[in-house]
Amino acid sequence: MNSSIYDYIKEIIPEENILFDEPMSRHTTFRVGGSAKCLLRVSSKEQMMKLVPFLQVTDQEYFVLGNGSNLLVGDKGYPGIIVKLESAMGSVAVEDGRMRVPAGTLLSQTAAVARDSGLTGMEFASGIPGTVGGGIVMNAGAYGGEMKQIVESVEVMNREGEILVLDNDTMEFGYRTSVIKNRPFIVLETVLRLVPGNREEITARMEELAAKRREKQPLEYASAGSTFKRPEGYFAGKLIMDAGLRGFSIGGAQVSEKHCGFVINKGTALAADIREVIEEVQRRVREKFGVTLEREVIYLGEF
């Protein structure tokens with residue numbers, strides 16, 4: 001990054017939020033990954049509207065990051081700029097059953113605000129580790145619920161800084177996908193439409209789902225949640241188990257013995273270990289059952 005680019009970025013982002021050679025292990029739920037050349041902590045919509053078009057016009061390589069909950073960054077790091085959406089991008093506003101939520105807000109925090117406001121419909125998201133922005137892009141879901149069911153509209157920005165508002169139909173939500181996944185849009189905020197409910201019942205449902213997660217998922221280890229999408233007509237975890245891969249490991253990465261749909265970092269994994277486990281699982285399942293497991297995890301940087 002030359003001095004003129006850095007000087008302009010300093011006019012947009014406070015200097016303490018411009019981090020050079022930042023280890024990405026601090027910013028992903030896998031807790032692995034080399035350093036990004038530069039990481040920018042973005043705390044407002046206005047900063048995003050100035051920053052992204054500038055990065056675009058100056059031909060800077062960049063990646064927009066939420067909570068890093070579906071991301072595997074290579075051990076050699078990322079040679080570009082990470083634009084990290086901070087939860088401080090704004091507060092959640094609640095009115096008449098609608099919640100206006102900044103993209104950087106964690107899904108768990110948003111679900112807690114809904115509960116505290118006596119609104120039901122978001123309990124499924126209370127244990128999903130990502131941000132609202134990421135959850136919208138991939139139509140995050142769990143336990144019979146998904147973002148498609150509660151999103152009324154999404155405010156997005158293109159790379160030129162233009163703002164668009166997309167309604168639910170325009171979002172083209174599908175299983176772990178949306179129209180944004182293959183378009184150069186960045187989610188800025190969303191309006192969620194929930195319904196009034198009993199706060200005690202909402203709390204009880206969230207506690208019930210949390211107990212199920214603790215029982216069935218390896219929450220004690222760093223991971224990216226479900227590593228693979230569910231193949232049509234199958235369950236990824238069962239295919240992996242039936243392929244004899246429960247507990248399969250390379251280095252510090254392992255197919256979870258508790259839930260075979262999770263690849264976990266047992267504490268000493270390299271990103272390369274995790275990638276090798278993922279790709280060996282894909283190879284063995286395809287070889288044994290003729291089924292191709294598609295990753296939910298995004299690869300970024302150099303391995």
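Note that this is a predicted model, so its numbers are computed, not measured. Numbers for residues simply follow the sequence, beginning at 1.
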- Query: When Ile, Leu, Val, Met, Phe, Trp and Tyr are grouped by side-chain heavy atoms lying under 4.5 Å apart, directly or through other members, which residues fall in the same group as L300?
  - Reply: L19, M24, L39, F63, L65, L71, V73, Y78, I82, I298
- Linking Ile, Leu, Val, Met, Phe, Trp and Tyr through side-chain heavy atoms less than 4.5 Å apart, which residues share a cluster with F30? V32, L72, F228, Y234, L239, I240, L245, F248, I250, V255, V263, I274, V277, I278, V281, V285, F289, V291, L293, V297, Y299, F303
Could you tabulate the donor-acceptor pairs under 3.5 Å formed by side-chain atoms of residues 123-142, not counting sequence neighbours?
residue: E123; atom: OE1; partner: T120; partner atom: OG1; Å: 3.3
residue: E123; atom: OE1; partner: G121; partner atom: N; Å: 2.8
residue: E123; atom: OE2; partner: T120; partner atom: OG1; Å: 2.5
residue: S126; atom: OG; partner: E123; partner atom: O; Å: 2.8
residue: T131; atom: OG1; partner: G134; partner atom: N; Å: 3.2
residue: N139; atom: OD1; partner: M147; partner atom: N; Å: 3.3
residue: N139; atom: OD1; partner: K148; partner atom: N; Å: 2.9
residue: N139; atom: ND2; partner: E146; partner atom: OE1; Å: 3.0
residue: N139; atom: ND2; partner: G174; partner atom: O; Å: 2.7

Pairs flagged by side chain to side chain donor-acceptor pair (under 3.5 Å) wherever [range] is involved - sequence neighbours left out:
{"range": "residues 259-271", "answer": "none"}
{"range": "residues 209-229", "answer": "K229-E294"}
{"range": "residues 188-200", "answer": "R100-E189, D116-R199"}

What residues, two or more places apart in sequence or in another chain, satisfy side chain to side chain contact (heavy atoms under 4.5 Å, CB included) together with [X]?
{"X": "S117", "result": "V94, V113, L119"}
{"X": "D169", "result": "D167"}
{"X": "L51", "result": "I9, I12, I13, L40, V42, L55, V83"}

- Message: List the residues meeting side-chain hydrogen bond (donor to acceptor under 3.5 Å, both in side chains) with R41, not counting sequence neighbours, and say none if there are none.
- Response: E86
- Message: The criterion is ring-ring contact (aromatic ring centres under 6.0 Å, His included); which residues satisfy it with F235, sequence neighbours excluded?
- Response: none
- Task: Report the residues that fulfil ring-ring contact (aromatic ring centres under 6.0 Å, His included) with Y8, sequence neighbours left out, ordered by chain and then residue number.
- Result: F54
